[in-house]
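What follows is one structure encoded as structure tokens, with my remarks underneath.
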Amino acid sequence: MTLTHIMPSLRSSLPAHLDAGVWPPTARWGADGDLQVGGVSLAALAAEHGTPGYVVDEAAVRDRCRAYAAAFGPDAVAYTAKALLSCEVARWVAEEGLALYAGSAGEVRVAELAGFDMTRVTLYGSAKAPEDLEAAYRAGVGTIVVESLGEITRLAAAAPEGQRVLLRVLAGPEPAGGHDRRFGLRVAGGEAAAAVARIAAQPRLRLAGFDCSIGHQLNRFGRYEREIGRLCEFAAAMHRAHGAGFEQLNLGGGHAVAYRPAELDLALDAFATRMRAVLHLEAGRHRLPAPRLTVSPGRAVVARAGVTVYRVLAIARTQGGERLVAVDGGMSDCPATALCGSRHSAVLIGRAARADVGPATVVGRHNDTDDVVVPDAELPSDVHPGDLLAVAGTGAYHHALASNFHLVARPALLAAADGRARVLVRRESLDDLLARDLR
Ligand SMILES: Cc1ncc(COP(=O)(O)O)c(C=O)c1O
């Protein structure tokens, strides 16, 4: 029972509760509905930089990097760049001691521009284009993840002498439903063993261990534990057959993030302790020296650091009584909401909310019934065009997945820290968009 249950009138006069597990750690209400992140007013940012706008709490990203480094130890954590990347974000990650998982020539280039130590960059990807591999060779990335048999021949022909590689292994059973579209080398049927033999026969390549990716938004440990067991069993067999080294086991990412107050994220410290213990146990059982355990989280490093600010453009009520609040963005800046069904939290900002709070569906501007930004928001009944909304938990896979659907320009990415805001990636202009149309 909360105070607002006992005194319902308070619901309309108190600012919305900011759940500590969902909003950036520096999110605070100022006077008159002024929501601040990193000590910066989101309404002021909207006025200066326009909407929609992505705002990243720099301290929150740095804190998560430090928490990961502390939980897993030095050199054990790589940030998976595809969740959110700009040169500045790469610099924060590097300064906080994390390595980087890059999945394209573009991500490799950003790492270089950010001054990343390229020996700490891993290139992964189920279908690497020739230019991805060329960028990796030229930049001197430390490690390349092999994800198909054909790739071994390509790497053996062109990779720098002594290129360190990991093998992406699919050791577990197929996911339910029988549509296993994952890339990687399957242990069942001997494909993974054949890959180890092929790599061992290539003097240019040095197999350093194994890599896997077992899912997304996982907050339980069981699947990771079983994967460690299966990978150790496979590694032991490869050690016996080829004397193949096993110095690193990358357990991937997929660590869950809470988007709503009732949701659970992955308990990081307990997870790290448990995974280390299981690895020691399993490696010991197979008489292998325990390899270095590494992880490559994306979402869990940046999701909670991000907030998107929208302006309300229109209000409608359906025949069924559903209140639709349409904002100036949508599936072009938050496609993950439609793709993955992530359900975010939203609040009114920029003015004191005096009216009662009620259910609302925040929808986008793309003339598509799937264009939902927040499916079940709780917003004051007097929300009207011109108001500002802040949506929590948009740090991962929002800026990264943004598109120009409807020929809408992509929002700016801003960083807020210590009362100052900086533009990391400027807003796209219509001229930017039209410059690519050769008319
Ligand atoms: C090896 C590896 N690590 C990490 C990730 C990122 O996943 P998440 O953002 O859920 O942590 C992926 C995604 O495909 C991956 O392949």
Side-chain angles (χ1 to χ4, degrees), residues 56 61 64-65 67-69 71-72 76-85 89-90 93 98-104 107-108 111 120-128 132 136 141-148 151 164-172 175 180-185 208-221 223-224 227-228 231 248-259 263-268 271-272 275 292-306 334-337 339-342 393-401:
V56 188
V61 175
R64 283 302 278 172
C65 292
Y68 265 99
F72 284 93
V77 187
Y79 167 61
T80 294
K82 72 173 178 178
L84 174 73
L85 191 66
V89 171
V93 167
L98 266 52
L100 197 78
Y101 253 55
S104 69
E107 290 178 357
V108 167
R120 305 192 69 223
V121 174
T122 296
L123 177 76
Y124 75 105
S126 47
K128 299 174 194 75
D132 299 328
V141 305
T143 305
I144 298 179
V145 183
V146 172
E147 306 192 30
S148 63
E151 207 167 64
R164 185 180 192 274
V165 299
L166 294 177
L167 186 67
R168 164 81 53 109
V169 173
L170 302 179
D180 188 4
R181 297 203 186 99
R182 294 172 303 160
F183 261 68
L185 287 302
F210 303 106
D211 166 280
C212 64
S213 176
I214 60 170
H216 293 286
Q217 281 291 74
L218 304 176
N219 54 22
R220 294 170 164 247
F221 302 170
R223 277 169 69 179
Y224 291 102
E227 194 69 8
I228 290 176
L231 286 173
Q248 181 185 354
L249 167 57
N250 185 52
L251 254 195
H255 306 163
V257 161
Y259 288 114
E263 293 172 5
L264 286 181
D265 53 15
L266 182 91
L268 183 55
F271 178 68
M275 292 307 112
R292 188 159 59 90
L293 176 70
T294 61
V295 289
S296 50
R299 184 191 307 269
V301 176
V302 291
R304 196 179 144 216
C334 66
T337 310
L339 283 173
C340 320
S342 23
T394 63
Y397 302 116
H398 280 241
H399 173 267
L401 281 174

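Along the sequence shown, residues are numbered consecutively beginning with 1. First listed ligand is number 1; within each ligand, the first listed atom is number 1.
- Of all atoms in ligand 1, numbered sequentially from 1 with element shown, those under 4.0 Å from a heavy atom of Pro297 are 11 (O).
- When atom types are taken as modelled, the side chain of Asn219 and the backbone of Leu264 share a donor-acceptor pair closer than 3.5 angstrom.
- Annotation for Asp265 and Ala256: closest pair CB-O, 3.2 Å, computed over non-hydrogen atoms.
- Those atoms of ligand 1 that come under 4.0 Å of a heavy atom in Lys82, given as number and element, are 13 (C), 14 (O).
- Salt bridge annotation for Lys128-Glu151: present, with a cationic side-chain nitrogen under 4.0 angstrom from a carboxylate oxygen.
- Looking at Arg182, His216, Arg168, it is His216 that brings a heavy atom closest to atom 10 (O) of ligand 1.
- In terms of polar-atom proximity, defined here as any N/O pair under 3.5 Å, Gly298 does make such a contact with ligand 1.
- For Tyr68 (side chain) and Ala78 (main-chain N/O), no donor-acceptor pair under 3.5 Å exists by modelled atom type.
- Formation of a donor-acceptor pair under 3.5 Å by the Arg299 side chain with backbone atoms of Ala83 is not found in this model.
- By the 3.5 Å distance cut-off applied to N or O atoms, Asp211 is not counted among the residues near ligand 1.
- Under a 4.0 Å criterion applied to the non-hydrogen atoms of Tyr101, ligand 1 contributes the atoms 1 (C).
- In this pair, His255 and Phe271 present their aromatic rings perpendicular. The plane angle is above 60°, beyond the 30 to 60° band.
- Those atoms of ligand 1 with a heavy atom of Ser296 less than 4.0 angstrom away are 1 (C), 2 (C), 3 (N), 4 (C), 5 (C).
- Near Thr80, with a cut-off below 4.0 Å to any heavy atom, the atoms of ligand 1 are 3 (N), 4 (C), 5 (C), 6 (C).
- For a threshold of 3.5 Å applied to N or O pairs, the pair formed by Tyr397 and ligand 1 contains at least one separation below that value.
- The part of Ser213 lying near ligand 1 is the side chain, judged by heavy-atom distances below 4.0 Å.
- The shortest separation from a heavy atom of Ala83 to ligand 1 is not under 4.0 Å, leaving the residue out of contact.
- Under 3.5 Å, the side chains of Asp132 and Tyr124 contain no donor-acceptor pair of N or O atoms.
- Taking every heavy atom of Gly253 and a limit of under 4.0 angstrom, the matching atoms of ligand 1 come to 3 (N), 4 (C), 11 (O).
- Per-residue contacts place Arg299 under 4.0 angstrom from the following atoms of ligand 1 (heavy atoms of the residue considered): 8 (P), 9 (O), 11 (O).
- Taking any N or O of Gly252, backbone or side chain, none lies under 3.5 Å from an N or O belonging to ligand 1.
- In terms of polar-atom proximity, Tyr124 is not counted as a contact of ligand 1, lacking any N or O under 3.5 Å from an N or O of the ligand.
- Nearest heavy atom pair, residue Ala111 against residue Leu100, reads CB-CD2, 3.7 Å.
- Contacts with ligand 1 closer than 4.0 Å are made by no heavy atom of Gln217, backbone or side chain.
- Checking Ser126 against Glu147 by side-chain atom types alone, no donor-acceptor pair falls below 3.5 Å.
- The backbone N or O of Arg223 sits nowhere less than 3.5 Å from a side-chain atom of Glu227 that would complete a donor-acceptor pair.
- Gly254 N, 2.8 Å is the protein heavy atom nearest to atom 11 (O) of ligand 1.
- When each of Leu166, Leu251, Val169 is tested with Cys212 by the rule side chain to side chain contact (heavy atoms under 4.5 Å, CB included), just one qualifies, namely Leu251.
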